[in-house]
Trainee: 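Just dropping this structure here.
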Amino acid sequence: MSSPPHRPAAAPRLLSPRGAAPPTDRGWIAGFAGVLCAVLMTFPAAAQERPLALTGATIHPVDRAPITGGVLVVHHGRIVAVGRRDEVAIPADADRRDLRDHVIMPGLICTHSHIGGIGGADASAPIQPDIRIFDSINVRDSGFRRAVAGGLTTLNIMPGSGHLLSGQTVYVKLRGGAVIDDLMIRDHDGWIMGGLKMANGTNPMRVDGRTVFPGTRGRAASLVRQHFIRAREYLERRERETGGRAGPPARDIGMDAMIEVLEGRRIVHHHTHRHDDIMTVLRLREEFGFRVVLHHVSDGWMVADRIAAAGVPCSAILIDSPGGKLEAVNLSLETGAILEKAGVLTAFHTDDWITDSRLFLRMAALAVRGGMSRDGALAALTLNGAKMLDLDARIGSLTPGKDADFIILNGDPLSVYTRVLETWVEGRRVFDRSDPKDRLYAVGGPGAGHDQVPYFCCFGLGFMGGDQ
Amino acid sequence: MIARHHRRARGRVAGFITAASLLIACAVPASAQIAVVGETVYTMAGAPIRDGVVVIRDGRIAAVGPAASTPVPPGFRVHRARVVTPGLVDARATVGLTGIYNVPHDQDQAERSSAMQPELRAVDAYNALERLVTWVRGFGVTTIHTGHAPGELITGQTMIVKTVGRTVDDAMVRETAAIVATLGPGGQRREGSPGTRGKAMAMLRQELIRAGEYAHRRDDAVEDPAAPDAAPAPEAMEAGPGRDRAGRGRDLRLEALARVLSGELPLLVTANHAQDIASALRLQQEFGIRIWLDGAAEAALLLPEIRAADVPVILHPAMARMVGEYENASFETPLRLHEAGIAFAMQSGFEGYVPKVRVVLFEAAIAAGYGLGPERALAMITIDAARILGIDDRLGSIAPGKDADLALYDGDPFEYTTKCTGVIIDGAWVDDGR
């Protein structure tokens, strides 16, 4: 009896775009926005009838060197051109906006967020792949308003870390909308994009021995291995029996998600802090061949060479002090620098509410304080995160053809004195600091913490008339 | 034989003394005289000095001024920095009572056995060797007002220490600084009392009244111990020194609150919602006590009231999460307090999870970036904090005669990418900074 087929081909695979995936949901979204706006009879339906040219700013495209006095042209929700003034031909019919003394960079991508009043797996079991986090998200949660105020445009919204496997995550664009469906990102097949949340270490452990949750690390790993083996057997049975006399096995929606993981379509986002827990994730990945992003990695700096050798990306978090939990006592502000030097693809995340989405830029600055390169730190807020979500063909850098997701700042992105002035998603302005309603969420104050009635359905369309 | 034994003993003693001297010399290396030269010296006692010099003698500041007029005395060891500030003062912390591991073993900030325990001293719970104390020191924090946290109606006392020393005594600035009370949900219990705001105030008022009566009885007993009517009641025949007429002995709990009623100690009242802030001011009115408003997330809604009451505000950390009592918190509250002319300082506060200790420099930085500006933000964690705490005669600014506590930086202290390059406490170089 031979052992089940490994999938070694999948294991060493770096996260890479799953082919060029032209976004197909945009038309649907535009259609939705159009209907909604028509109902409200407030604004014209479509964004950007004419191209918009932003000139004079310092532009951080992220995939190339910063440009001083650059030009960014966007049209129909996409980036049309980016470059020096002498590189870019501004369309004759473009609305122009002078942004001298400003900074433009890609919209920020948070690879690990918990906003939206989420509720994932419950207390019934430590492994629950059937849970879809998007079934629990309140798009009126004020956290969404704070996120766009912080310059975030794309999030991976995840269930928590109190389970070995707490459910399916969802990748969203903060484009506004009345229901979570408006925010979802779909791939070229229309599949709702998302990952699978897993965790090890102390969070999913229960020491009282009275529950079905693991009490030790050995037990935790064993439960996960058994689950993956079952998933593999389910997949084999489905492949073998489909079309046969017995027909496919009874459908198991949790196992359906696991198959997406085994096939590499759904990436595992794995909460892990301690160095040995990180190595356990790498060991399980080796055995089962799933694609994985290591999240938090408080001790990642201790095993950076091993992570690099495995070719596994890290989404790290920097906290103002070590500790607060046993696994985080060796947390270091130098983690970003050490991972970068080791050659690990590194992003950051807010873990909102652990850190405030409005201060996401600050995390890159703390990383630079800890020795990371400035370019590396900005990529860790944008392009690197896009790669970890299989979205780098669409977002993460200011590159012609990509979505027009960008932010406008009034200074150095890494300065405490710099504010996000505007946030744009797919060519629409979703945050404008000069609007008192938006400013309330950016700064705080009475009312800022309350969940809101439908918001930014038709944001910023007035601006498109070229008022500046 | 005896003589020889004595000689040997003397030799051992001499050896011990030499070793001890060496140890002491190592422990306090910088009792040597030093000077600090800074491209910018924020004294917080006047305008910043460009190319400034701070001369330190015997642990105190001997002189401060421009290099042109403030020479470094011969033989002084010189430290240089881009920016020099007073050692930072964290106006309200729990670090030292709360530790890095966040397990029961190192969490002494709130005893749960009773709703009111003002007699619990911070000095009995402070771990001077706590890693997180060293952590905040690395960012320039030299003085912390630390102690019991919210969690019950009255959790205990606070104290003021410096971020040095192997024991709390080494670190001591003031053994008792305030009594900690909490209004609003943070001081309520799920089961038992107080379970509501109304009950919390009733319990607090009754206990203060009791403490007043206790103090009155005690003072009477002390003033007129031989008075005929001071004879102990029959049921208290065992009464001895320190007992009152009724034979009741010293009560640490009421004694602690009596120190609030006498004005010796302030009541540090954590109150975030506007109605809780109003309740705190009502307590001040009724009992004529000193109040330090702690937290005060909705202070901006009651600026005239707070101003009129002349109550200082020790504001919640700027990055406190906008949930629960902080749902209306604002990055601009420091600016609003400043505009209203209210005395205020920034705190690191208490955190139940991560970051287990907040760095008050980072919290003030947010205020600096949201309208307050760097110099006022610096005041919030130096001289203004020292004034509120009543330690500005010794701390909080760089001026002759004050303790030589300094923080050195390689740029604007509030910029995220600026590093602290050294920390001096009592004239000793204690930290290379982070």
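Sequence lines set the chain letters: A, B, ... in the order given, protein chains first and strands last, and positions in each chain run from 1. Excluded from the calculations below are hydrogen atoms, water molecules and symmetry mates; all remaining heavy atoms, backbone and side chain alike, are included.
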Trainee: Of all of A:Gly324, A:Gly444, A:Gly323, which one pairs up most often with chain B through heavy atoms under 4.5 Å apart?
Mentor: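 Heavy-atom pairs under 4.5 Å are most numerous for A:Gly324.
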
Trainee: Working to the nearest 0.5 Å, report the span between OH of B:Tyr416 and CZ of A:Arg362.
Mentor: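 Output value for this atom pair is 5.5 Å.
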
Trainee: Once you round to the nearest 0.5 Å, how far does CD1 of B:Ile100 lie from CG of A:Asn330?
Mentor: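 If I round to the nearest 0.5 Å, the distance is 7.5 Å.
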
Trainee: Quick check on the structure: residues of residues 349-358 of chain B within a heavy-atom distance below 4.5 Å of chain A, by number.
Mentor: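 Heavy-atom contacts from residues 349-358 of chain B to chain A are B:Tyr353, B:Val354, B:Pro355, B:Lys356, B:Val357.
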
Trainee: Can you tell me if B:Arg131 uses its side chain to pair, donor with acceptor, with the backbone of A:Pro322 under 3.5 Å?
Mentor: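 Not a single qualifying donor-acceptor pair exists.
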
Trainee: Indicate yes or no for a side-chain donor-acceptor contact from B:Arg321 to the backbone of A:Ile354 under 3.5 Å, with no hydrogens or angles considered.
Mentor: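 Checked: pair present.
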
Trainee: At a heavy-atom separation under 4.5 Å, does B:Phe139 approach chain A through its side chain, its backbone, both, or neither?
Mentor: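 Just the side chain, heavy atoms under 4.5 Å.
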
Trainee: How long is the straight-line distance from NZ of B:Lys419 back to CZ of A:Arg369, given to the nearest 0.5 Å?
Mentor: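 Result: 7.5 Å between the selected atoms.
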
Trainee: Enumerate the salt bridge (Lys or Arg N to Asp or Glu O under 4.0 Å) contacts for residues 321-332 of chain A, please, sequence neighbours excluded, ordered by first and then second residue.
Mentor: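 Non-adjacent pairs meeting salt bridge (Lys or Arg N to Asp or Glu O under 4.0 Å): A:Arg217-A:Glu327, A:Lys325-A:Glu327.
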
Trainee: At a heavy-atom separation under 4.5 Å, does A:Ala442 approach chain B through its side chain, its backbone, both, or neither?
Mentor: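 Backbone of A:Ala442 only, per the 4.5 Å heavy-atom cut-off to chain B.
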
Trainee: So with a 6.0 Å cut-off around CZ of B:Arg336, is the heavy-atom count from everything else above 12?
Mentor: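 Yes, because the 6.0 Å sphere around CZ of B:Arg336 holds more than 12 heavy atoms from other groups.
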
Trainee: Given a strict heavy-atom distance threshold of 4.5 Å, which part of B:Asp412 is in contact with chain A: side chain, backbone, both, or neither?
Mentor: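 Side chain of B:Asp412 only, per the 4.5 Å heavy-atom cut-off to chain A.
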
Trainee: So what's closer than 4.5 Å to chain A heavy atoms on B:Thr418: side chain, backbone, both or neither?
Mentor: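 Contact with chain A: backbone only.
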
Trainee: Is there any residue in residues 413-421 of chain A with a non-hydrogen atom under 4.5 Å from a non-hydrogen atom of chain B, and which ones are they?
Mentor: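 Checking residues 413-421 of chain A against chain B gives A:Leu414, A:Ser415, A:Val416, A:Tyr417, A:Arg419.
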
Trainee: Top residue by heavy-atom pair count (under 4.5 Å) with chain B, among A:Val329, A:Asp356, A:Ile319?
Mentor: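 Of the candidates given, the most pairs with chain B belong to A:Val329.
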
Trainee: Find the distance between CG (B:Leu361) and CG (A:Asp320) and round it off to the nearest 0.5 Å.
Mentor: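 One finds 10.0 Å between CG of B:Leu361 and CG of A:Asp320.
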
Trainee: I need the minimum non-hydrogen distance between B:Leu301 and A:Pro446, along with the two atoms involved.
Mentor: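 So the minimum-distance heavy-atom pair works out to CD2-CG, 3.6 Å.
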
Trainee: Answer yes or no: is there a side-chain heavy-atom contact under 4.5 Å between A:Arg439 and B:Glu332?
Mentor: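 Result yes, sub-4.5 Å side-chain heavy-atom pair found.
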
Trainee: Chain A heavy atoms under 4.5 Å from B:Val136: which part of the residue, side chain, backbone, both or neither?
Mentor: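 Interface part for B:Val136: neither.
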
Trainee: Which one wins on heavy-atom pair count under 4.5 Å against chain B: A:Ala367, A:Gly445, A:Ala328, A:Ala365?
Mentor: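 Maximum pair count with chain B is reached by A:Gly445.
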
Trainee: Side-chain contact, heavy-atom cut-off 4.5 Å: B:Phe331 with A:Leu359?
Mentor: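 In contact.
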
Trainee: Please enumerate all residues that pass side-chain contact (heavy atoms from CB on, under 4.5 Å) together with B:Ala340, with sequence neighbours excluded.
Mentor: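 Scan of B:Ala340 (side-chain contact (heavy atoms from CB on, under 4.5 Å), adjacent residues dropped) gives B:Leu303, B:Ile342.
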
Trainee: What part of B:Ala300 lies closer than 4.5 angstrom to a heavy atom of chain A: side chain, backbone, both or neither?
Mentor: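 Contact with chain A is absent: no heavy atom of B:Ala300 under 4.5 Å.
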
Trainee: Applying side-chain contact (heavy atoms from CB on, under 4.5 Å) to A:Arg358 and B:Met319, what does each step give before you reach the verdict?
Mentor: CA-CA 10 Å; A:Arg358 294 173 300 173; B:Met319 291 185 276; over 6 Å; no

